[in-house]
Amino acid sequence: MAIDLGTANTLVVLKSKGVVLNEPSVVAVVDNKGKKSVLAVGDEAKTMLGRTPGNIQAIRPLRDGVIADFIVTEEMIKHFIKKVHKKTLANPRILICVPTGSTPVERKAIQDSALAAGARRVQLIEEPIAAAIGANLPISEATGSMIVDIGGGTSEIAVMSLGGLVYSKSLRVAGDSMDTAIVDYMRKEYNLLIGDTTAEKIKKEMGTAVPTGTNTYPVKGRDLRSGTPKEVNITEEDTAEALNDIMKQMVGAIKDALENTPPELSADLVDMGLTLTGGGALLKNIDKRFSKETGLPVHIADDPLSCVAVGTGKALDQEETFSTMLSEY
Ligand code: ADP
Ligand code: MG
């Protein structure tokens, strides 16, 4: 069993079956006079985000790429493993992919949660390495490969060679920050208050890194002056403007990575370029913008949302090839 424990989504891959679970990394917790218990996990919990009464909290335990709440994270991992596990093998070997920024304590906690959920053996793999394997990059070779994985809470930027990380950086600017930027922009430009879920929808349907389309898109929210519901029409000029700062920060981080890469590997990257994975890779024209501003060819992995999970599954499958890239705490 291979698990991609993402800040926004968790995916589980089984050897023979491919992706068998794909749910938001969200846990709904109910507080009964100080005694907390898990009410729902995954899809069911996500529908509760922003809509809970006082005693229920919908939590994203990995939101910023670090574990905010160990107990809730553990419950979530156990829940997902058991959900898949019930229908299949007993005591599976599990490979979990973790963000490069996670601490040894967090890694140990993730590993222990999986063991507590019934795993026979638990190994970990770095997220950008899993992404690179999923995108079929030649990471075992003496060639530079570069991954930019844009998830919900964090963007992972990494340069790899000979199966190891040469440079890695976890940036806390990713899909969630884009949603927040759209909320802020709508408030500033249109005096319109919208929620994060609406902002995410705008990003997916109308968001762009470079404005090229001419359609307009209706956005409903609350007018900040009158307090009543209102609808305005926005264009790609609006979303590009809203996301401009975030794009600049990402380009800056990519340039930092390039500056910190040994020259021989930089030379490889000029030809090979960088590969985008994670849900953020689906932002319209993000590849064009990164390519224009870094001068490198930019590729988008096939199915960027499941690339890391597929790569983790492949690393589990082909143990001999990838064994040096797995670790245990
Ligand atoms: P993680 O690995 O951190 O769980 P994912 O790789 O699953 O994150 O990506 C989730 C992020 O991708 C979310 O912020 C989501 O809004 C964003 N996303 C999904 N589809 C699109 C799209 N079409 N355009 C822009 N962003 C998208
Ligand atoms: Mg991810």
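What you are looking at is a predicted structure, and each value in this text was computed from that prediction instead of being measured. Whatever order the structure lists ligands and atoms in, that order sets their numbers, starting from 1.
Side-chain contact check for Asp149 and Thr277: at least one donor-acceptor pair (N or O, by modelled atom type) lies under 3.5 Å. Using modelled atom types and a 3.5 Å distance limit, the side chains of Lys35 and Asn32 yield no donor-acceptor pair. Residues Tyr217 and Asp238 have side chains that never bring a donor and an acceptor to within less than 3.5 angstrom of each other. Thr10 and Ser25 are linked by a side-chain donor-acceptor pair at a separation below 3.5 angstrom, with hydrogens and angles left out of the test. Side-chain atoms of Ser306 and Asn22 include no donor-acceptor pair closer than 3.5 Å.
The shortest N/O to N/O separation between Lys204 and ligand 1 does not fall below 3.5 Å. Residue Ala8 places at least one N or O, backbone or side chain, under 3.5 Å from an N or O of ligand 1. An N or O contact shorter than 3.5 Å is missing between Gly278 and ligand 1 by distance. Looking at Thr7 next to ligand 1, an N or O pair under 3.5 Å apart turns up. Ligand 1 has no nitrogen or oxygen under 3.5 angstrom from a nitrogen or oxygen of Asp179. At under 3.5 Å, not a single nitrogen or oxygen of Asp4, backbone or side chain, sits near a nitrogen or oxygen of ligand 1.
For ligand 1, the atoms closer than 4.0 angstrom to any heavy atom of Leu283 are 24 (N), 25 (C). Each of the following atoms of ligand 1 lies closer than 4.0 Å to a heavy atom of Gly175: 14 (O). When each atom of ligand 1 is checked for a heavy atom of Glu200 under 4.0 Å away, the hits are 13 (C), 15 (C), 16 (O). Close approach of ligand 1 to Leu282 (heavy-atom distance below 4.0 Å) involves ligand atoms 20 (N), 21 (C), 22 (C), 23 (N), 24 (N).
Here the side chain of Ser168 pairs no donor or acceptor atom with the backbone of Ala158 at under 3.5 angstrom. A donor-acceptor pair under 3.5 Å is absent between the side-chain atoms of Thr154 and the main chain of Glu156, judged by distance alone. A distance-only check finds a donor-acceptor pair linking the side chain of Arg60 to the backbone of Thr7 [under 3.5 Å]. With hydrogens and angles ignored, the 3.5 Å screen pairs no side-chain donor or acceptor of Glu74 with any backbone N or O of Ser113.
Counting heavy atoms from C-beta on, the side chains of Thr312 and Val13 never come closer than 4.5 Å.
No more than 12 heavy atoms of other residues, nucleotides or ligands sit less than 6.0 Å from atom CD1 of Ile71.
Remark: among candidates Glu156, Lys201, Arg63, Lys203, the nearest residue to atom 14 (O) of ligand 1 is Lys203, based on non-hydrogen atoms. Among Ser177, Gly152, Cys307, the residue whose heavy atom lies nearest to atom 8 (O) of ligand 1 is Gly152.
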Side-chain donor-acceptor pairs of residues 131-148 under 3.5 Å, sequence neighbours excluded:
from: Asn136; atom 1: OD1; to: Lys314; atom 2: NZ; distance (Å): 2.5

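From the protein, the heavy atom lying nearest to atom 7 (O) of ligand 1 is Asn9 ND2, 2.7 Å. The nearest heavy-atom contact from the protein to atom 2 (O) of ligand 1 is Gly6 CA, 3.8 Å. Of the protein's non-hydrogen atoms, Gly279 O, 3.6 Å is the one closest to atom 18 (N) of ligand 1.
The shortest separation from a heavy atom of Gly280 to ligand 1 is under 4.0 Å, placing the residue in contact.
Within the protein, the number of N, O or S atoms lying under 2.8 Å from the Mg ion (ligand 2) is 1.
Contacts with ligand 1 closer than 4.0 Å are made by side-chain heavy atoms of Leu305 only, the backbone lying farther away.
With rounding to the nearest 0.5 Å, the separation of CG in Asp176 from NZ in Lys203 is 7.0 Å.
Note on Glu241 versus Lys188: no salt bridge recorded, every NZ/NE/NH1/NH2 to OD/OE distance being 4.0 Å or above.
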